[in-house]
Amino acid sequence: MNEAPDNVRLIGGEMLLWSDLSSVGGVTDWRGAALELLRRLLPEGGRVLLVGPHAQGLVDEVVARAGTVAVLLRSYPDACALGERHPGLEVFCGRLEVLDADEPYDLVLALDGLLRTHSAEAPAAAWNESLEALADLVAPGGRMVLGVHNDLGVDRFIEARPAGRECADDQWAPHGFDPGYPGGPAALDLGLESAGLSVQRCYSAYPDRQSPRSLLSREALGFELPEALTFALSAGEGDRMLVADPLRLSRQVFRHGLGEALAPLWLAVASRPPRAADTALAVALPLGLIEEGQALYELTAGGTRRLPGGEERPIPAGRVVEEILVEACAREDVRTVRELLSALAAWLESDGRTDPAAWSAATDSLVYDGRRFAAVNPPASPATSPDPRVALCRILWRFAVRLVAAGHHHPWPWPLEADELTLTLCGMAERPCDPGDLDRARKLDAELGRPAEVAEHAPTYRDLLGARDRLADQLTAALARIARLETKLSYRERELVRAKAKLRRTQRKATAYRRTLGYRLSRRLARPRRVARRVIRLLSG
């Protein structure tokens, strides 16, 4: 064991040969949405405590902006590495329950939850006990940000591998048997209130618990969110083994108003009441924060605005174009596909010259209300305006790649690849394209910085089962048709055999009749009569 840096204190329960940052489960990768929330909560010149492992970028951001920062980790190697990277940081190494701080903190951050604050050197404390120990570290008028994984989150229903027992080394204590662990937003609020804290705002993080990029408050989820907003929250990232399509399942969650109850994880912002002589610092917490690519948007009462300093834009109404096309393909409604693609091509040719965002749009970032198209949070536009046919080819190529990669049903031959399917869709839009246009469309897509690639992982397990059942039905119908044709063929063969036998009998009877004396005499007597008739015709002629 190497000698610890001077700013690392061992408090008991430290794990000397364990690292949370190298475990299989990994630490939640909080990105721009969480960082923006923390920037608004960090007290100027106040004391901040980070409890549990956090992503390196988040720790660096807190250290750079806060006055006095301390960190609690159970892993000795992680504590030493963090202490060497930030010499001015006070690092506690050990269990949460034995931490005895000299003074409470103005802001306590536990975005990874409380499960990694226990140690294998002692029995794990109940969740309520850990929450009380964490709440005792919050100063009067201070705040706490706590992340809680949802055991019944939507991401739990789409992963084939069990979320709680992946046979990893960090799962020496089975999860799911603690009766005090919150089973929903109401239980989380009750636990925070029991610990002496009041909930200021509770956010639901999407699309998954590994890399959440959107935070939606309870107030925002109380209303019916437009599809233009919820569609972007439905697609997960990463190479995972999926049981169901995350897009389809998440869309149903939002439609049924279960966005908070089935969120992958919750992020609660709670505060301790100030003393009578003190006044708490008022902080305007956002309704929601949505990260899309490199851009970050804040959800407001009237729409969204891009950070920093962007203008407020209303959220366009209508259905997402990709969802309309996928539904039409599933129904084999070629007419709807043709009409929608023709309208999309006409919109690119008309509004594309005045609206630069049209060139960088895609089927998953466009909504259609039956009359017009609108871009959702339009990304960067190309330097020069491309040919409308090339722009349409690019949009349809991205859709074809996503359609084939997801394994959705469509009415065209299944051996078609994404490129061939793109040319078919361009023809249905009455804007035929050739392979040269397709190459230019790929270059345009690469120029926009969002190249579409065919997914390496196979379609989801449920999609494979659906494809198998569909092929089994087609095979059963084909076998039944073959059986009917074989029955009809056998009947026709028997009829042909009977007809041939009847023909042979008739030929034998005719041969026997020609050999009779009466037939031969009638043939000979008939010849003079014919000669006489011919002579009479000549003489009378």
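What you see is a predicted model, and the numbers here were worked out from it, not measured in a lab.
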Considering non-hydrogen atoms only, spot the tightest contact between [X] and [Y] and give its length.
| X | Y | result |
| --- | --- | --- |
| Leu299 | Leu287 | O-CB, 3.4 Å |
| Ala187 | Pro182 | CB-CA, 4.0 Å |
| Cys426 | Cys393 | SG-CA, 4.0 Å |
| Trp127 | Gly180 | CE3-O, 3.6 Å |
| Leu188 | Cys202 | CD2-SG, 4.1 Å |
| Ala270 | Leu192 | CB-CD1, 4.3 Å |

Are side-chain heavy atoms of [X] and [Y] found at a separation under 4.5 Å?
| X | Y | value |
| --- | --- | --- |
| Leu341 | Leu325 | yes |
| Leu438 | Arg442 | yes |
| Arg143 | Leu41 | yes |
| Leu307 | Leu289 | yes |
| Cys329 | Pro411 | yes |
| Leu296 | Leu35 | no |
| Leu348 | Ile395 | yes |
| Arg218 | Asp189 | yes |

Exam field: side chain [X] to backbone [Y], donor-acceptor pair closer than 3.5 Å:
| X | Y | result |
| --- | --- | --- |
| Trp266 | Glu260 | yes |
| Asp419 | Thr422 | no |
| Arg156 | Asn150 | yes |
| Tyr206 | Gly259 | yes |
| His54 | Leu111 | yes |
| Asp112 | Gly52 | no |
| His256 | Leu258 | no |
| Arg65 | Leu42 | no |
| Arg201 | Pro286 | yes |
| Asp208 | Ser211 | yes |

Handout entry: Verdict with reasoning, Glu36 to Arg39, per salt bridge (charged side-chain N to carboxylate O under 4.0 Å, His left out)
Key = CA-CA 5 Å; Glu36 176 63 25; Arg39 292 189 191 105; 3.2 Å; yes

Practice task
Go through the steps for Asp333 and Glu339 under the test side chain to side chain contact (heavy atoms under 4.5 Å, CB included), then give the verdict.
Solution key: CA-CA 10 Å; Asp333 188 358; Glu339 292 176 352; over 6 Å; no

Problem - Stepwise side chain to side chain contact (heavy atoms under 4.5 Å, CB included) test for Val148 and Tyr181 - result: CA-CA 9 Å; Val148 179; Tyr181 193 85; 3.7 Å; yes

Once you round to the nearest 0.5 Å, how far does [atom1] of [X] lie from [atom2] of [Y]?
| X | Y | atom1 | atom2 | answer |
| --- | --- | --- | --- | --- |
| Leu37 | Leu285 | CG | CG | 6.5 Å |
| Asp439 | Cys433 | CG | SG | 11.5 Å |
| Leu403 | His409 | CG | NE2 | 10.0 Å |
| Glu486 | Leu489 | CD | CG | 8.0 Å |
| Leu215 | Trp30 | CG | CH2 | 5.5 Å |
| Thr336 | Arg338 | OG1 | CZ | 10.0 Å |

Problem - CZ (Arg372) with more than 12 external heavy atoms under 6.0 Å - result: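 No, not enclosed.
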
Handout entry: side chain to side chain contact (heavy atoms under 4.5 Å, CB included) assessment of Glu495 paired with Arg492
Key = CA-CA 5 Å; Glu495 291 293 324; Arg492 295 290 175 83; 5.5 Å; no

Exercise for the section: With side chain to side chain contact (heavy atoms under 4.5 Å, CB included) as the test, would you mind laying out the steps for Leu58 and Leu50 before giving the verdict? Expected result: CA-CA 10 Å; Leu58 188 145; Leu50 284 164; 4.1 Å; yes

